Colleague: 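If you scroll down you'll find the structure; I have some questions about it.
All values reported here derive from a predicted model rather than from experimental measurement.
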Amino acid sequence: SQNISDLTGIGDFLALTHLTCFLNSITSLDLSNNTALIYLNCYVNLITSLNLSNNTALIYLNCFDNSITSLNLSANTALTLLDCHNNQLTSLDVSANPALTTLNCGNNPLTSLDVSANPALTTLYCNNNQLTSLDLSANTALTQLICSFNQLTSLDLRNGNNTMITYLNSTENPNLTCIDVDDETWSNANWTDIDSWTSFSEDCSAGDGGQTYVPDDNFEAYLEANGM
């Protein structure tokens, strides 16, 4: 840390390829003039605004532990790593980042996340958000997924390559009763970090005979006794 609060003037360094400015008090960062930039480490600051609108060469973006409310990544088509956890992002558009392999967007107030345009994605950490559904059926390269502490009711992992996923954690999703997978038997044998009320199925939409999960045994007995 250099106790820097303002990087105004950085735009004149047109040949800049790497910028590391973490652990400072920077509140705003405009790097739109630094078109040669490929590596940015600006984590643990007070950044609310980050302008990367012309940084087409950017490959690595580490901006976690800030106060960023929106992130425009539409110009960053070469981006392979994005770590933006612990910010204030209410939405995140990564549709223009097909080369993305690692995404950590945990600890944000995200209510939705679309990664269908990211076929190279291997690692996804989206824990501690407000996500209600997550479709990873297009992410055939996926090896790690942490989606714990959300509000998921739907999680589709049917990407045809489940055996590549070496780690899955979907715990603390109180309304997630079923996860769509390639092979129910394989998933039961290999993925254990799920909630006790969550099960695997090759087709969750088929349901379980119309049954509803009732955690209270007494309430369940009452419903059954009354033919409900």
Colleague: What residues form a ring-ring contact (aromatic ring centres under 6.0 Å, His included) with Y125, not counting sequence neighbours?
Modeller: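 Residues passing ring-ring contact (aromatic ring centres under 6.0 Å, His included) with Y125: none at all.
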
Colleague: Applying side-chain contact (heavy atoms from CB on, under 4.5 Å) to I47 and C63, what does each step give before you reach the verdict?
Modeller: CA-CA 9 Å; I47 297 171; C63 59; over 6 Å; no

Colleague: Could you work out, with side-chain contact (heavy atoms from CB on, under 4.5 Å) as the rule, every residue matching S95, not counting sequence neighbours?
Modeller: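 Here the qualifying residues are D93, A117.
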
Colleague: Do I165 and L103 belong to the same hydrophobic cluster, where Ile, Leu, Val, Met, Phe, Trp and Tyr are linked whenever their side-chain heavy atoms lie under 4.5 Å apart, directly or via other members?
Modeller: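 Both belong to a single hydrophobic cluster.
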
Colleague: Of L124, N118, T123, which meets side chain to side chain contact (heavy atoms under 4.5 Å, CB included) against L142?
Modeller: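 Checked L124, N118, T123 against L142; only one passes side chain to side chain contact (heavy atoms under 4.5 Å, CB included): L124.
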
Colleague: Identify, with sequence neighbours excluded, every residue that meets side-chain hydrogen bond (donor to acceptor under 3.5 Å, both in side chains) alongside S74.
Modeller: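 If we apply the side-chain hydrogen bond (donor to acceptor under 3.5 Å, both in side chains) test to S74, skipping adjacent residues, the hits are N72.
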
Colleague: First locate atom OG of S170, then atom CG of L145, and finally report the distance between them rounded to the nearest 0.5 Å.
Modeller: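 CG of L145 is found 8.0 Å from OG of S170.
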
Colleague: To the nearest 0.5 Å, how far apart are CG in L155 and CG in L136?
Modeller: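 The CG atom of L136 is 6.0 Å from CG of L155, to the nearest 0.5 Å.
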
Colleague: The criterion is side-chain hydrogen bond (donor to acceptor under 3.5 Å, both in side chains); which residues satisfy it with D6, sequence neighbours excluded?
Modeller: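 Expected list: T8.
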
Colleague: When you group the ILVMFWY residues by side-chain heavy-atom contacts below 4.5 Å and let the links chain together, are I38 and L19 in the same group?
Modeller: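 L19 does not cluster with I38.
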
Colleague: Scan residues 154-190 for pairs that pass ring-ring contact (aromatic ring centres under 6.0 Å, His included), counting only residues two or more places apart or in two chains.
Modeller: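 Qualifying pairs, neighbours excluded: W186-W191.
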
Colleague: Can you see which heavy atom on L71 is nearest to which on C84, and at what distance?
Modeller: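 So the minimum-distance heavy-atom pair works out to CD2-CB, 4.3 Å.
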
Colleague: Looking just at side-chain N and O atoms, do N41 and N62 make a donor-acceptor pair shorter than 3.5 Å?
Modeller: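 Judged by distance alone, the side chains do pair up.
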
Colleague: Can you list every disulfide bond (SG atoms under 2.5 Å apart) pair that touches residues 170-201, not counting sequence neighbours?
Modeller: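 Those involving residues 170-201 are C178-C204.
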
Colleague: Could you go step by step and tell me if C21 and L7 meet the side-chain contact (heavy atoms from CB on, under 4.5 Å) rule?
Modeller: CA-CA 9 Å; C21 56; L7 277 182; 4.0 Å; yes

Colleague: State, to 0.1 Å, how close S148 and N173 come at their nearest heavy-atom pair, and which atoms those are.
Modeller: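 Where S148 meets N173 most closely, the heavy atoms are CA-ND2, 3.9 Å.
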
Colleague: Start with the C-alpha distance between N33 and D12, add both sets of side-chain angles, then the distance that settles side-chain contact (heavy atoms from CB on, under 4.5 Å), and finish with yes or no.
Modeller: CA-CA 7 Å; N33 281 348; D12 290 339; 5.5 Å; no

Colleague: Looking only at heavy atoms, which two atoms of R158 and D182 are closest? And how far apart?
Modeller: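 Scanning both residues completely, I find the closest heavy atoms to be CA-OD1, 3.2 Å.
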
Colleague: Give me the one residue out of N108, N87, V115, L73 that meets side chain to side chain contact (heavy atoms under 4.5 Å, CB included) with L92.
Modeller: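 Among N108, N87, V115, L73, the one that satisfies the side chain to side chain contact (heavy atoms under 4.5 Å, CB included) with L92 is L73.
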
Colleague: Which side-chain hydrogen bond (donor to acceptor under 3.5 Å, both in side chains) pairs, counting each pair once, include a residue from residues 13-23, with sequence neighbours left out?
Modeller: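 Listed once each, the pairs would be none.
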
Colleague: Using the side chain to side chain contact (heavy atoms under 4.5 Å, CB included) rule, pick out the option among I10, N54, L16, L14 that qualifies with L37.
Modeller: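 Testing L37 for a side chain to side chain contact (heavy atoms under 4.5 Å, CB included) against I10, N54, L16, L14 leaves exactly one candidate, L16.
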
Colleague: Using 0.5 Å steps for rounding, measure from the CG atom of L121 to the CD atom of Q144.
Modeller: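 One finds 11.0 Å between CG of L121 and CD of Q144.
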
Colleague: Which residues pass the ring-ring contact (aromatic ring centres under 6.0 Å, His included) test with F13, sequence neighbours left out?
Modeller: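 Testing F13 for ring-ring contact (aromatic ring centres under 6.0 Å, His included), a comparison that skips the adjacent residues, returns none.
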
Colleague: Can you see which heavy atom on C105 is nearest to which on L110, and at what distance?
Modeller: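 In this case the closest contact between C105 and L110 is SG-CD1, 3.9 Å.
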
Colleague: Which residues pass the side-chain hydrogen bond (donor to acceptor under 3.5 Å, both in side chains) test with D195, sequence neighbours left out?
Modeller: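 Not a single residue meets the side-chain hydrogen bond (donor to acceptor under 3.5 Å, both in side chains) criterion with D195.
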
Colleague: I'd like to check T102 versus N104 (side-chain heavy atoms, cut-off strictly below 4.5 Å). Are they in contact?
Modeller: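 With C-beta onward as the side chain, the pair stays apart.
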
Colleague: Do side-chain atoms of T80 reach the backbone of A99 as a donor and acceptor pair under 3.5 angstrom?
Modeller: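 Absent.
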
Colleague: Find the distance between OG1 (T111) and CD (Q151) and round it off to the nearest 0.5 Å.
Modeller: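 If I round to the nearest 0.5 Å, the distance is 11.5 Å.
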
Colleague: I need the minimum non-hydrogen distance between C42 and L29, along with the two atoms involved.
Modeller: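 Looking at all heavy atoms of both residues, the shortest contact is CB-CD2, 4.0 Å.
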
Colleague: Verify the cluster assignment for V181 and M164: are they in a single hydrophobic cluster under the rule of side-chain heavy atoms below 4.5 Å apart?
Modeller: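 Different clusters.
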
Colleague: Residues two or more places apart in sequence or in another chain: which of them pass side-chain hydrogen bond (donor to acceptor under 3.5 Å, both in side chains) with S53?
Modeller: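 Per chain and number, S53 pairs via side-chain hydrogen bond (donor to acceptor under 3.5 Å, both in side chains) with N51.
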
Colleague: Suppose the criterion is ring-ring contact (aromatic ring centres under 6.0 Å, His included): which pairs have a residue in residues 41-93, not counting sequence neighbours?
Modeller: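 Non-adjacent pairs meeting ring-ring contact (aromatic ring centres under 6.0 Å, His included): F22-Y43, Y39-Y60, Y43-F64, F64-H85.
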
Colleague: According to ring-ring contact (aromatic ring centres under 6.0 Å, His included), does anything in residues 127-155 pair up with another residue at least two apart or in another chain? List the pairs.
Modeller: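 Listed once each, the pairs would be none.
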
Colleague: Would you tell me whether S201 and D203 have side-chain atoms, one donor and one acceptor, within less than 3.5 Å of each other?
Modeller: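 No, D203 and S201 have no side-chain donor paired with an acceptor closer than 3.5 Å.
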
Colleague: Could you walk me through whether N162 and D183 pass side-chain contact (heavy atoms from CB on, under 4.5 Å), step by step?
Modeller: CA-CA 8 Å; N162 279 181; D183 186 317; over 6 Å; no

Colleague: Atom OG1 of T153 and atom CG of L176: how far apart are they, to the nearest 0.5 Å?
Modeller: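 Rounded to the nearest 0.5 Å, the OG1-CG separation comes to 7.5 Å.
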
Colleague: Look up atom CG in N3 and atom CG in N24, then write down how far apart they are to the nearest 0.5 Å.
Modeller: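 Rounded to the nearest 0.5 Å, the CG-CG separation comes out at 7.0 Å.
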
Colleague: State, yes or no, whether a side-chain contact exists between N107 and N127 at a heavy-atom distance under 4.5 Å.
Modeller: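 When only atoms from C-beta onward are counted, N127 and N107 do touch, with a gap below 4.5 Å.
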
Colleague: Do you know which two heavy atoms are closest between C126 and L134, and how far apart they sit?
Modeller: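 Here C126 and L134 meet closest at SG-CD2, 3.8 Å.
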
Colleague: Should N66 and N45 be marked as a side-chain hydrogen bond (donor to acceptor under 3.5 Å, both in side chains) after you check the CA-CA gap, both sets of side-chain angles, and the distance that decides it?
Modeller: CA-CA 5 Å; N66 278 289; N45 274 283; 4.7 Å; no

Colleague: I'd like to know if the side chain of E202 and the backbone of E184 have a donor-acceptor N/O pair within less than 3.5 Å.
Modeller: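 Present.
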
Colleague: Ignoring hydrogens and angles, state whether a donor on the side chain of N55 or N76 is under 3.5 Å from an acceptor on the partner side chain.
Modeller: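 No donor-acceptor contact under 3.5 Å links the two side chains.
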
